[in-house]
Amino acid sequence: ATAALLYIGWRLLLKGGDAATAAEPEERDSIAASTLARSTRIDLVSRRMANGAMGEFRSRFVGAGGSEFAESRPYQPGDDVRSIDHKTSGKRGETFVKRYEEPRKTPLIILADISKANRFRARGQDKHEAIQDLGAVLSLAGAGSSVPVGLILVSDRVELVIPPKGGRNHALSIMEAILRTEPSGPGTDLRPGLDMAAQLLARSGGMVAVVSDFLANVDYSSSLSELAGMRDVYVRPIRVTDPAELAPIGSVAQMQLADF
């Protein structure tokens with residue numbers, strides 16, 4: 001639900017209208033002007049998300065000398081004597097040591113569906129461009145929140161993988177990859193991308209934003225469930241649709257059918 005609200009808010013900020021629609025092609029004076037305006041809007045919205053809704057995705061690991069006190073626990077052989085909690089030890093009558101937690105950034109993986117089927121356009125912006133823009137916004141917003149961001153581009157195969165890393169320059173390289181990469185695979189299958197995300201987050205955990213129309217002839221539910229079931233891994237599906245795909249057939253066109 002949070003991801004869906006972020007997407008709706010992003011569309012409203014980006015175009016000033018319905019999240020499922022886009023500006024008409026004739027509103028753009030030229031390709032160069034359109035590209036510049038698009039980049040400017042992406043940067044503006046990403047900064048707003050970084051300052052508000054994006055937040056920080058955090059995990060924690062425990063170790064002596066960390067920055068935040070977590071608790072006191074009974075002393076075990078091998079513990080650093082410098083971590084002895086003298087106050088608690090005196091009250092309990094046995095030796096206790098302090099345990100600390102050090103904040104650690106949790107990576108965000110953007111899994112973007114760039115399959116050729118997303119070139120569908122009833123009017124205005126097609127789904128492929130919407131997925132590109134949303135992926136770019138998420139990458140820059142992550143960088144603005146000091147979150148390491150990675151990228152997986154998928155069609156019916158993994159087209160490109162960029163491991164998570166922090167910094168605005170890295171986010172810009174992700175943005176460029178999203179906008180420039182063309183699919184080599186002819187179909188749509190999210191499973192290879194979901195499996196790759198599981199590999200990248202096997203040790204660190206993190207969040208995966210899956211940006212797609214989720215329309216495919218293959219069943220990817222098991223791969224999605226396996227990824228979501230991993231320890232410290234949170235999956236946020238973000239569905240991009242075109243109004244014409246959701247409308248009843250009768251509201252789009254009239255057809256005459258005959259039974260021979």
Side-chain angles (χ1 to χ4, degrees), residues 2-4 6-7 10-11 20 22 38 42 46 57 106-121 125-143 147-165 170-230 232-242 245:
T2 301
L6 287 177
Y7 177 55
W10 165 77
R11 292 299 298 143
R38 185 179 179 191
I42 287 173
S46 68
F57 308 121
T106 302
L108 166 67
I109 300 293
I110 303 168
L111 198 166
D113 174 7
I114 61 168
S115 58
K116 296 178 180 179
N118 288 326
R119 264 49 177 199
F120 179 84
R121 181 205 304 264
Q125 187 181 43
D126 64 30
K127 293 188 296 182
H128 178 67
E129 291 176 348
I131 290 174
Q132 286 180 326
D133 287 357
L134 182 52
V137 165
L138 290 173
S139 66
L140 291 176
V147 173
V149 181
L151 175 68
I152 300 173
L153 299 180
V154 62
S155 54
D156 57 4
R157 66 200 68 181
V158 174
E159 300 284 355
L160 180 68
V161 176
I162 299 179
K165 187 178 178 182
H170 180 71
L172 290 173
S173 67
I174 286 180
M175 178 178 171
E176 182 178 8
I178 293 173
L179 297 177
R180 293 183 180 274
T181 304
E182 293 292 331
S184 59
T188 304
D189 188 352
L190 297 178
R191 293 175 298 181
L194 295 170
D195 294 342
M196 177 59 66
Q199 295 180 32
L200 291 177
L201 299 180
R203 294 184 178 181
S204 65
M207 178 174 282
V208 184
V210 186
V211 189
S212 173
D213 60 2
F214 295 98
L215 300 177
N217 294 324
V218 297
D219 184 9
Y220 48 79
S221 58
S222 60
S223 295
L224 192 60
S225 297
E226 289 177 7
L227 179 62
M230 291 176 59
D232 294 329
V233 172
Y234 305 91
V235 180
R236 297 294 183 265
I238 304 176
R239 187 181 182 191
V240 178
T241 62
D242 188 287
E245 293 178 314

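What you see is a predicted model; the values in this text were computed from it and never measured. Numbering starts at 1 and runs along the sequence shown.
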Enquirer: Nearest 0.5 Å please: distance from the CD1 atom of Ile114 over to the OG1 atom of Thr181.
Expert: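 It comes to 5.5 Å.
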Enquirer: Which residues pass the side chain to side chain donor-acceptor pair (under 3.5 Å) test with Asp219, sequence neighbours left out?
Expert: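 Side chain to side chain donor-acceptor pair (under 3.5 Å) check on Asp219 returns Ser221.
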Enquirer: For Val158, check side-chain contact (heavy atoms from CB on, under 4.5 Å) against everything at least two apart and list the hits.
Expert: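 Partners of Val158 by the side-chain contact (heavy atoms from CB on, under 4.5 Å) criterion, ordered by chain and then number, come out as Ile152, Val161, Pro192, Met196.
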Enquirer: Report the distance from atom CG of Leu151 to atom CG of Leu153, rounding to the nearest 0.5 Å.
Expert: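 One finds 4.0 Å between CG of Leu151 and CG of Leu153.
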Enquirer: Taking side-chain contact (heavy atoms from CB on, under 4.5 Å) as the test, write out the residues that go with Ser115, two or more places apart.
Expert: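 Scan of Ser115 (side-chain contact (heavy atoms from CB on, under 4.5 Å), adjacent residues dropped) gives Asp113, Ala117, Asn118, Ser155, Thr188.
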Enquirer: Which residue pairs pass the salt bridge (Lys or Arg N to Asp or Glu O under 4.0 Å) test when at least one of the two sits in residues 173-194, sequence neighbours left out?
Expert: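 Output for this query lists Arg119-Glu182, Glu176-Arg180, Asp189-Arg191.
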Enquirer: Of all the heavy-atom pairs spanning Leu227 and Val233, show the shortest one and how long it is.
Expert: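 In this case the closest contact between Leu227 and Val233 is O-CG1, 3.4 Å.
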Enquirer: How many angstroms lie between atom CG of Leu138 and atom CD1 of Ile174, to the nearest 0.5 angstrom?
Expert: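 The CD1 atom of Ile174 is 10.5 Å from CG of Leu138, to the nearest 0.5 Å.
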Enquirer: In sequence, state the C-alpha distance, the side-chain angles, and the governing distance for Thr106 and Met207, and then conclude on side chain to side chain contact (heavy atoms under 4.5 Å, CB included).
Expert: CA-CA 7 Å; Thr106 302; Met207 178 174 282; 5.6 Å; no
Enquirer: Decide side chain to side chain contact (heavy atoms under 4.5 Å, CB included) for Ile162 and His170; before the verdict, give the C-alpha distance in whole Å, the side-chain angles of both, and the deciding distance to 0.1 Å.
Expert: CA-CA 9 Å; Ile162 299 179; His170 180 71; 3.4 Å; yes
Enquirer: Give me the atom names and distance for the closest heavy-atom approach of Ser212 to Ile131.
Expert: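 So the two residues come closest at CA-CD1, 4.2 Å.
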Enquirer: Mind checking what makes side chain to side chain donor-acceptor pair (under 3.5 Å) contact with Ser222, not counting sequence neighbours?
Expert: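 For Ser222 there are no side chain to side chain donor-acceptor pair (under 3.5 Å) partners, ignoring immediate neighbours.
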Enquirer: From Ile178 CD1 over to Asp133 CG, what is the distance, rounded to the nearest 0.5 angstrom?
Expert: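 These two atoms lie 9.5 Å from each other.
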Enquirer: Please report the shortest heavy-atom distance between Val149 and Ala143, naming the atom on each side.
Expert: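 Here Val149 and Ala143 meet closest at CG2-N, 4.2 Å.
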Enquirer: Can you name the nearest heavy-atom pair linking Pro107 to Pro164, along with the distance?
Expert: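 Here Pro107 and Pro164 meet closest at CB-CB, 3.8 Å.
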Enquirer: Under the salt bridge (Lys or Arg N to Asp or Glu O under 4.0 Å) definition, can you give me all pairs with a residue in residues 149-165, not counting sequence neighbours?
Expert: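 Checked against salt bridge (Lys or Arg N to Asp or Glu O under 4.0 Å) - neighbours excluded - no pair reaches residues 149-165.
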Enquirer: Side-chain contact test, heavy atoms from C-beta onward, threshold under 4.5 Å: evaluate it for Leu190 versus Ser223 and give yes or no.
Expert: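 No, every pair of side-chain atoms sits at 4.5 Å or beyond.
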Enquirer: Can you tell me how far CG of Asp213 sits from NE2 of His128, rounded to the nearest 0.5 angstrom?
Expert: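 It is 12.0 Å, given to the nearest 0.5 Å.
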Enquirer: What distance separates Ile109 CD1 from Gln199 CD, expressed to the nearest 0.5 Å?
Expert: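 That separation rounds to 11.5 Å.
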Enquirer: Which pair of heavy atoms, one from Arg239 and one from Leu215, lies closest together, and at what distance?
Expert: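 For Arg239 and Leu215, the tightest heavy-atom pair comes out as NH2-CD2, 4.0 Å.
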Enquirer: Closest heavy-atom contact between Ile110 and Ser139?
Expert: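 Answer, listing the atom of Ile110 first, then Ser139: CD1-N, 3.6 Å.
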